[in-house]
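Side chains included, hydrogens not; waters and symmetry mates left out as well; all remaining heavy atoms used.
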Amino acid sequence: MHVAYATKLLGGEHTEYTVQKLGKLAGISTRTLRYYDEFGILKPARINSSGYRIYGQVEVDRLQQILFYRELGLTLDAIKEIVAAPSFDGARALREHHHNLLQRRTQLDQLIANVEQTLAHTEGRITMNNAEKFAGFKQKLIADNEQQYGQEIRAKYGNVIVDQSNRKLSNMTEEQYAAIQKLEEEMFYTIGQAMMNGDPSSELAQKGAELHRQWLSFYWNSYSKQAHAGVVQMYVDDERFTSYYDKHQPGFAQFLRDAVHIYTNMPM
């Protein structure tokens, strides 16, 4: 039987944990911890004479960060890149987690309020106009984007820029949002057609890049060629963005990236 091992370190209140003890503390399985070890994202501090993995305070703190990032929807590859970076700052990361979680709570509170309002409207207790119904949908879109991509976007562009973009989306009219949807569809169609000749510098491909610029400008307070080129590079570098764009046509994200880099005259 695996005997749980915990011993106080000399000169402090820190505790050492075996896999079972740490798994119980964190509420995750021992299988997950062993996988984190094999994946290289959370190595034990040492292996004791009985062959048990032993984790110390440094590993406990890293596991907490891993679970925060996992809760925010990051992949293990992305988390590993963040926490293993020489510049990783645990205190700064906690402040970012706090900010992001407060943002999520605000969005969820707004969604809950909108659902309750819609239910009351459905039951005939109140009258709800279309703008109010649409507000709930926009908040859901913001919450979904934060869940799926928020951490990477905030890390790349900062909280201020992302929060401004979210506020801009929240304040959009239904007509503006419909225009965005139409513009995105046109961009996808144009780039898809341009891919048939395989030339990202073609007139059609450059039209698609311009449409993408217009689409981004609905969300951004200001446009820059550097930011535009950086966004499409992220479409290629991050598999979640790649899968979103490539579901329309294999290689779409890369072709769009190439077209935009030519459009902005920015080096790849």
Side-chain angles (χ1 to χ4, degrees), residues 69 72-82 85 96 100 138 141-170 172 176-268:
Y69 282 120
L72 291 169
L74 272 71
T75 65
L76 279 183
D77 284 323
I79 297 172
K80 182 178 180 181
E81 183 176 348
I82 292 169
E96 290 176 350
N100 293 338
K138 288 187 291 185
L141 178 62
I142 291 171
D144 289 346
N145 286 339
E146 283 284 352
Q147 171 77 18
Q148 194 166 9
Y149 309 116
Q151 191 65 34
E152 288 85 350
I153 297 295
R154 289 180 181 278
K156 188 173 183 67
Y157 296 104
N159 291 326
V160 173
I161 299 298
V162 177
D163 291 344
Q164 286 176 347
S165 178
N166 286 342
R167 283 194 296 271
K168 195 170 182 181
L169 176 56
S170 295
M172 282 181 188
Q176 287 174 320
Y177 187 77
I180 290 175
Q181 296 293 96
K182 182 178 180 180
L183 189 60
E184 185 181 35
E185 290 174 6
E186 186 179 357
M187 183 274 293
F188 275 120
Y189 175 79
T190 302
I191 291 293
Q193 291 296 302
M195 289 179 68
M196 295 177 66
N197 67 26
D199 181 7
S201 66
S202 68
E203 182 178 349
L204 198 56
Q206 291 305 293
K207 178 184 176 182
E210 164 62 17
L211 290 170
H212 189 256
R213 183 199 65 77
Q214 293 177 29
W215 177 77
L216 285 175
S217 296
F218 271 97
Y219 296 98
W220 291 358
N221 283 345
S222 61
Y223 170 84
S224 76
K225 292 181 177 181
Q226 292 86 348
H228 193 181
V231 164
V232 292
Q233 183 62 51
M234 187 167 56
Y235 293 169
V236 175
D237 293 341
D238 190 304
E239 62 184 14
R240 288 167 299 170
F241 286 101
T242 304
S243 63
Y244 173 77
Y245 285 94
D246 282 10
K247 71 182 179 182
H248 294 271
Q249 193 168 332
F252 190 101
Q254 184 171 338
F255 189 88
L256 175 61
R257 187 274 310 274
D258 294 346
V260 167
H261 277 265
I262 293 169
Y263 174 83
T264 59
N265 196 30
M266 298 295 294
M268 284 190 275

Grab the two heavy atoms, one from Ala179 and one from Phe218, that are nearest each other, plus how far apart they are. CB-CZ, 4.3 Å

Side chain to side chain donor-acceptor pair (under 3.5 Å) partners of Glu239, counting only residues at least two apart: none

With rounding to the nearest 0.5 Å, note down the distance linking CD in Gln214 to CE in Met187. 11.0 Å

Mark yes or no: Arg213 above the aromatic ring of Tyr263, with NZ or CZ under 6.0 Å from the six-membered ring centre and no more than 45 degrees from the axis. no

Gap separating the CZ atom of Phe188 from the CG atom of Leu183, nearest 0.5 angstrom: 11.0 Å

Side chain to side chain contact (heavy atoms under 4.5 Å, CB included) between Asp77 and Glu81, worked out: CA-CA 6 Å; Asp77 284 323; Glu81 183 176 348; over 6 Å; no

Parallel, tilted or perpendicular: which one describes the rings of Tyr244 and His248, with boundaries at 30° and 60°? perpendicular

State, to 0.1 Å, how close Thr264 and Lys225 come at their nearest heavy-atom pair, and which atoms those are. O-CD, 3.4 Å

Nearest atoms (heavy-atom pairs only) where His228 meets Tyr223: ND1-OH, 2.8 Å

How long is the gap from CD1 on Ile180 to CG on Leu216, to the nearest 0.5 Å? 10.5 Å

So does Lys80 have more than 12 non-hydrogen atoms from other groups sitting under 6.0 Å from NZ? yes

Euclidean distance, Thr190 OG1 relative to Gln206 CD, rounded to 0.5 Å: 12.0 Å

Can you tell me if Gln233 uses its side chain to pair, donor with acceptor, with the backbone of Arg257 under 3.5 Å? no

What's the shortest heavy-atom distance between Ala259 and Ala205, and which atoms? CB-O, 3.9 Å

So does Asn265 have more than 12 non-hydrogen atoms from other groups sitting under 6.0 Å from CG? no

Which residues share a side chain to side chain donor-acceptor pair (under 3.5 Å) with Tyr245, sequence neighbours left out: Tyr235

Roughly how far, to the nearest 0.5 Å, is the CG atom of Leu211 from the CD atom of Glu185? 12.0 Å

Can you list everything that forms a side-chain contact (heavy atoms from CB on, under 4.5 Å) with Tyr189? Sequence neighbours excluded, please. Gln193

Mind listing the closest non-hydrogen atom pair of Asp246 and Ala253 along with its distance? OD1-N, 2.9 Å

Nearest-0.5 Å distance that lies between atom CH2 in Trp215 and atom CD in Gln181: 9.5 Å

Between Ala194 and Ser202, what is the shortest heavy-atom contact and its length? CB-OG, 4.3 Å

